[in-house]
Amino acid sequence: LIAAKRREQLSAPYVNRLEDDLKSFAAAVPDEIEKLQARHIKEFLNGCAVGPRRWNNLRDQIVTLFRFARSERYLPKDRTTEAEDVIKMKVARKTVAMFTPEELQLVLENTREVWLPWVLIGAFVGVRDFEVLRMDWSSVRWE
């Protein structure tokens, strides 16, 4: 799966996180994938001591693994996988906070120069920090 994601040229942060998380999953549930049941996956997720959003992200990565295994014929093609049977947690919506002009000025005054492009794009374009880190900076006209 990881080799396939690298061949697809997905972002390095995504693939590295996927690899780390799935290694943790494999270490916690050392049985073969076709023997794993939804309850094993839930036990792993519940043992991670993470919040609902991270729990769902981990679940989604495991679903990706199981779907890949199904596409490679390690699992039956004619039914959903055990991972897909694990229900996502409800995530409480948080109120979006915004910096006042004075707060943003304070942030910018205390940001190292090398990080200013990331902070400015995040502040004025409205993308998440992870999306900013995945940007292709070769398109930026620095002059």
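One-based numbering along the sequence shown.
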Practice item. Decide yes or no for I41 and F25: does some side-chain heavy atom of the first lie under 4.5 Å from some side-chain heavy atom of the second? Key: yes
Revision key, fill the gap. On a heavy-atom basis, the closest approach of R59 and V86 is NE-O, 2.6 Å
Revision key, fill the gap. Rounding to 0.5 Å, atoms CG (L65) and CG (L36) come to a distance of 9.0 Å
Review point. Is a donor on one side and an acceptor on the other found under 3.5 Å between the side chain of N56 and the backbone of M89?
Key: yes
**Study point:** Nearest-0.5 Å distance, CZ of residue R67 to CD of residue E72
**Key:** 15.5 Å
Point to revise | Closest non-hydrogen atom pair, A83 against V63 | key: O-CG2, 3.6 Å
Check your understanding: Any chance CD of Q9 has more than 12 other-residue heavy atoms, nucleotides or ligands included, within less than 6.0 Å?
Key -> no
Review point. Shared ILVMFWY cluster between L10 and F68, side chains joined below 4.5 angstrom?
Key: yes
Practice item. Measure the CD-CD1 distance between E84 and I62 for me, rounded to the nearest 0.5 Å. Key: 12.5 Å
Check your understanding: Do the side chains of D21 and R54 get nearer than 4.5 Å, heavy atoms only?
Key -> yes
Review point. Side-chain contact, heavy-atom cut-off 4.5 Å: E103 with V107?
Key: no
Check your understanding: Closest heavy-atom contact between P30 and A27?
Key -> CD-O, 4.0 Å
Review point. Hey, any chance L22 and Y14 share a hydrophobic cluster, counting ILVMFWY side chains that come within less than 4.5 Å of each other, even indirectly?
Key: yes
Review point. Between R70 and R79, is there a donor-acceptor pair closer than 3.5 Å when you use the side chain of the first and the backbone of the second?
Key: yes
Exercise for review: Flag yes if V119 and M98 sit in one hydrophobic cluster, no otherwise; membership is Ile, Leu, Val, Met, Phe, Trp, Tyr, and two members link when side-chain heavy atoms are under 4.5 Å apart.
Suggested key: no
Check your understanding: Can you tell me how far the CH2 atom of W55 sits from the CZ atom of F44, to the nearest 0.5 Å?
Key -> 11.0 Å
Study note, to complete from the structure: Taken to the nearest 0.5 Å, the spacing of T80 OG1 from D85 CG works out to 4.0 Å
**Study point:** Heavy-atom side-chain proximity of L18 to K5 below 4.5 angstrom
**Key:** yes
Practice item. Could you grab the distance from atom CD1 of I33 to atom CD of E82, nearest 0.5 Å is fine? Key: 10.5 Å
Check your understanding: Is atom CZ of R17 surrounded by more than 12 heavy atoms (other residues, nucleotides or ligands) closer than 6.0 Å?
Key -> no
